[in-house]
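Just so it is clear: chains get the letters A, B, ... in the order the sequence lines come, proteins before strands, and each one is counted from 1. Excluded from the calculations below are hydrogen atoms, water molecules and symmetry mates; all remaining heavy atoms, backbone and side chain alike, are included. The structure presented is a predicted model; accordingly, all values stated were derived computationally and were not measured.
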Amino acid sequence: MNYWLMKSEPDCFSIDDLAGRPNKTEAWDGVRNYQARNFMRDGMKVGDGVFFYHSNCEIPGIVGVATIASTAYPDPTQFIQDHEHYDPTAKPEEPRWLLVDVKYQRKLKRTISLAELKAQEAALPGFQLLMKGNRLSIIPVRKEHWDYILTLE
DNA sequence: GCCAACGTTGGC
DNA sequence: GCCAACGTTGGC
(Lines give C-alpha, C1' and ligand atoms only; values in the text may rest on other atoms or scores of the structure.)
Protein backbone atom coordinates (compact mmCIF):
# COMPACT_ATOMS: atom_id res chain seq x y z
CA MET A 1 0.00 0.00 0.00
CA ASN A 2 1.30 3.38 -1.03
CA TYR A 3 0.45 6.91 0.05
CA TRP A 4 0.03 10.06 -1.98
CA LEU A 5 -0.73 13.73 -1.78
CA MET A 6 -3.00 15.16 -4.46
CA LYS A 7 -3.50 18.89 -4.94
CA SER A 8 -6.67 20.60 -5.97
CA GLU A 9 -7.72 24.20 -6.03
CA PRO A 10 -10.78 24.40 -3.77
CA ASP A 11 -12.38 27.02 -6.04
CA CYS A 12 -12.24 24.38 -8.73
CA PHE A 13 -12.77 21.13 -6.83
CA SER A 14 -12.71 20.95 -3.03
CA ILE A 15 -12.83 18.17 -0.48
CA ASP A 16 -16.52 19.00 0.03
CA ASP A 17 -17.10 18.63 -3.70
CA LEU A 18 -15.57 15.16 -3.50
CA ALA A 19 -17.75 14.25 -0.52
CA GLY A 20 -20.82 15.32 -2.52
CA ARG A 21 -20.11 13.21 -5.60
CA PRO A 22 -22.09 10.05 -6.34
CA ASN A 23 -20.46 7.23 -4.43
CA LYS A 24 -18.17 9.96 -3.05
CA THR A 25 -15.91 9.20 -5.98
CA GLU A 26 -14.50 11.41 -8.71
CA ALA A 27 -12.40 10.75 -11.78
CA TRP A 28 -9.26 12.83 -11.25
CA ASP A 29 -9.03 14.28 -14.73
CA GLY A 30 -6.89 17.07 -16.09
CA VAL A 31 -3.44 15.91 -15.01
CA ARG A 32 -1.13 17.09 -17.81
CA ASN A 33 2.27 16.44 -16.33
CA TYR A 34 4.26 13.34 -17.22
CA GLN A 35 5.73 12.78 -13.77
CA ALA A 36 2.32 12.98 -12.15
CA ARG A 37 0.85 10.73 -14.83
CA ASN A 38 3.57 8.18 -14.26
CA PHE A 39 2.85 8.11 -10.55
CA MET A 40 -0.75 7.24 -11.37
CA ARG A 41 0.20 4.69 -13.99
CA ASP A 42 3.08 2.98 -12.23
CA GLY A 43 2.57 3.59 -8.55
CA MET A 44 -1.08 3.72 -7.65
CA LYS A 45 -3.12 0.76 -6.54
CA VAL A 46 -6.69 0.51 -5.35
CA GLY A 47 -6.79 1.26 -1.65
CA ASP A 48 -3.76 3.53 -1.55
CA GLY A 49 -4.09 6.47 0.85
CA VAL A 50 -4.41 10.04 -0.37
CA PHE A 51 -3.95 13.33 1.41
CA PHE A 52 -6.35 15.79 -0.21
CA TYR A 53 -4.51 19.11 -0.44
CA HIS A 54 -6.01 22.50 -1.14
CA SER A 55 -3.69 24.68 -3.20
CA ASN A 56 -3.82 28.24 -4.49
CA CYS A 57 -6.12 29.39 -1.72
CA GLU A 58 -6.13 31.38 1.48
CA ILE A 59 -4.76 28.61 3.69
CA PRO A 60 -3.08 25.95 1.56
CA GLY A 61 -2.81 22.61 3.32
CA ILE A 62 -4.06 19.09 3.84
CA VAL A 63 -7.79 19.04 4.45
CA GLY A 64 -8.83 15.41 4.17
CA VAL A 65 -8.11 11.78 3.46
CA ALA A 66 -9.20 9.84 0.39
CA THR A 67 -8.36 6.53 -1.22
CA ILE A 68 -7.43 5.47 -4.72
CA ALA A 69 -10.50 3.73 -6.13
CA SER A 70 -9.23 2.53 -9.52
CA THR A 71 -6.05 1.85 -11.37
CA ALA A 72 -5.07 4.33 -14.08
CA TYR A 73 -7.15 4.55 -17.27
CA PRO A 74 -7.33 7.05 -20.13
CA ASP A 75 -8.52 10.55 -19.26
CA PRO A 76 -11.48 11.12 -21.62
CA THR A 77 -11.13 14.91 -21.48
CA GLN A 78 -7.99 14.76 -23.62
CA PHE A 79 -10.16 13.84 -26.63
CA ILE A 80 -12.93 16.42 -26.16
CA GLN A 81 -12.50 19.42 -28.43
CA ASP A 82 -13.11 22.76 -26.75
CA HIS A 83 -12.57 21.09 -23.39
CA GLU A 84 -10.21 22.91 -21.09
CA HIS A 85 -7.94 19.87 -21.03
CA TYR A 86 -8.20 18.92 -24.70
CA ASP A 87 -4.93 17.68 -26.15
CA PRO A 88 -4.94 17.64 -29.96
CA THR A 89 -1.86 15.43 -30.01
CA ALA A 90 -3.55 12.61 -28.07
CA LYS A 91 -5.10 9.80 -30.11
CA PRO A 92 -7.79 7.46 -28.81
CA GLU A 93 -5.73 4.48 -29.95
CA GLU A 94 -2.75 5.93 -28.11
CA PRO A 95 -3.93 7.90 -25.08
CA ARG A 96 -1.38 10.24 -23.64
CA TRP A 97 -3.05 11.17 -20.36
CA LEU A 98 -4.43 8.99 -17.62
CA LEU A 99 -6.50 9.42 -14.51
CA VAL A 100 -7.54 7.44 -11.46
CA ASP A 101 -10.75 7.45 -9.47
CA VAL A 102 -10.43 9.02 -6.03
CA LYS A 103 -12.85 8.24 -3.22
CA TYR A 104 -13.59 10.44 -0.24
CA GLN A 105 -12.80 8.96 3.12
CA ARG A 106 -13.00 11.77 5.65
CA LYS A 107 -12.17 15.36 6.37
CA LEU A 108 -9.48 16.11 8.87
CA LYS A 109 -10.71 17.65 12.11
CA ARG A 110 -8.76 20.71 11.06
CA THR A 111 -6.62 21.82 8.16
CA ILE A 112 -2.98 20.92 8.52
CA SER A 113 -1.62 23.96 6.76
CA LEU A 114 1.44 24.21 4.59
CA ALA A 115 2.83 26.66 7.13
CA GLU A 116 2.47 24.06 9.87
CA LEU A 117 4.05 21.38 7.72
CA LYS A 118 6.96 23.70 7.03
CA ALA A 119 7.35 24.24 10.76
CA GLN A 120 7.50 20.45 11.10
CA GLU A 121 10.09 20.09 8.38
CA ALA A 122 12.69 18.58 10.71
CA ALA A 123 10.30 15.70 11.41
CA LEU A 124 9.55 15.23 7.68
CA PRO A 125 12.94 14.80 6.01
CA GLY A 126 12.61 14.43 2.25
CA PHE A 127 8.91 15.24 2.10
CA GLN A 128 8.52 16.43 -1.48
CA LEU A 129 5.79 18.93 -0.72
CA LEU A 130 8.34 20.99 1.19
CA MET A 131 11.04 20.84 -1.46
CA LYS A 132 11.94 24.11 -3.11
CA GLY A 133 10.17 24.72 -6.37
CA ASN A 134 7.81 21.79 -5.97
CA ARG A 135 4.89 22.16 -8.33
CA LEU A 136 3.81 18.57 -8.88
CA SER A 137 0.11 18.04 -8.32
CA ILE A 138 0.65 14.40 -7.29
CA ILE A 139 3.34 13.60 -4.78
CA PRO A 140 4.28 10.27 -3.19
CA VAL A 141 4.22 10.29 0.60
CA ARG A 142 6.34 7.93 2.65
CA LYS A 143 4.47 5.90 5.25
CA GLU A 144 6.41 7.42 8.11
CA HIS A 145 5.47 10.89 6.88
CA TRP A 146 1.86 9.88 6.44
CA ASP A 147 1.72 8.53 9.97
CA TYR A 148 3.46 11.53 11.46
CA ILE A 149 1.26 14.06 9.69
CA LEU A 150 -1.83 12.29 10.99
CA THR A 151 -0.54 12.63 14.55
CA LEU A 152 -0.63 16.42 14.03
CA GLU A 153 -4.37 16.31 13.55
C1' DG B 1 -1.11 40.77 -8.58
C1' DC B 2 3.72 39.45 -8.28
C1' DC B 3 7.21 36.41 -9.17
C1' DA B 4 10.27 32.24 -8.55
C1' DA B 5 10.59 27.76 -10.18
C1' DC B 6 9.88 24.57 -13.43
C1' DG B 7 8.21 22.04 -17.78
C1' DT B 8 7.52 22.33 -22.63
C1' DT B 9 8.15 23.97 -27.23
C1' DG B 10 10.50 24.98 -31.25
C1' DG B 11 14.22 27.25 -33.92
C1' DC B 12 18.73 26.45 -35.07
C1' DG C 1 21.08 18.56 -28.53
C1' DC C 2 21.15 23.31 -26.92
C1' DC C 3 18.69 26.97 -25.12
C1' DA C 4 15.63 31.09 -25.33
C1' DA C 5 10.93 32.01 -25.04
C1' DC C 6 6.83 31.01 -23.22
C1' DG C 7 3.17 29.06 -20.22
C1' DT C 8 1.84 27.22 -15.77
C1' DT C 9 1.90 26.45 -10.85
C1' DG C 10 1.16 28.09 -6.53
C1' DG C 11 2.81 30.60 -2.39
C1' DC C 12 2.74 35.01 -0.69
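Taking A:Y34 as the reference, A:W97 meet the ring-ring contact (aromatic ring centres under 6.0 Å, His included) condition, with sequence neighbours excluded. For A:E144, the side chain to side chain donor-acceptor pair (under 3.5 Å) partners two or more places apart in sequence, or in a different chain, are A:R142. Considering only residues two or more places apart in sequence or on other chains, A:T89 meets the side chain to side chain donor-acceptor pair (under 3.5 Å) condition with A:D87, A:R96. Every ring-ring contact (aromatic ring centres under 6.0 Å, His included) that A:F52 has, sequence neighbours left out, goes to A:W28, A:H54. Not counting sequence neighbours, the partners of A:Y3 by the ring-ring contact (aromatic ring centres under 6.0 Å, His included) test are A:W146. In this view, A:E9 and A:N56 satisfy the side chain to side chain donor-acceptor pair (under 3.5 Å) rule, not counting sequence neighbours. With sequence neighbours left out, A:N2 forms a side chain to side chain donor-acceptor pair (under 3.5 Å) with no residue at all. In this structure A:F13 satisfies the ring-ring contact (aromatic ring centres under 6.0 Å, His included) test with no other residue, sequence neighbours excluded.
Taking a 4.0 Å limit (strictly below) on heavy-atom distances, residues 55-64 of chain A reaches DNA chain C at A:S55, A:N56, A:P60. Contacts between residues 122-141 of chain A and DNA chain C, counted as heavy-atom distances below 4.0 Å, involve A:R135, A:L136.
The span of DNA chain B lying next to chain A, judged by atoms under 4.0 Å from heavy atoms, is bounded 5' to 3' by B:dA5 to B:dT8.
Applying the ring pair (Phe, Tyr, Trp, His ring centres under 6.0 Å) definition to pairs two or more places apart or across chains, none involves residues 100-124 of chain A.
For A:W4 and A:F39, the distance between ring centers is under 6.0 angstrom.
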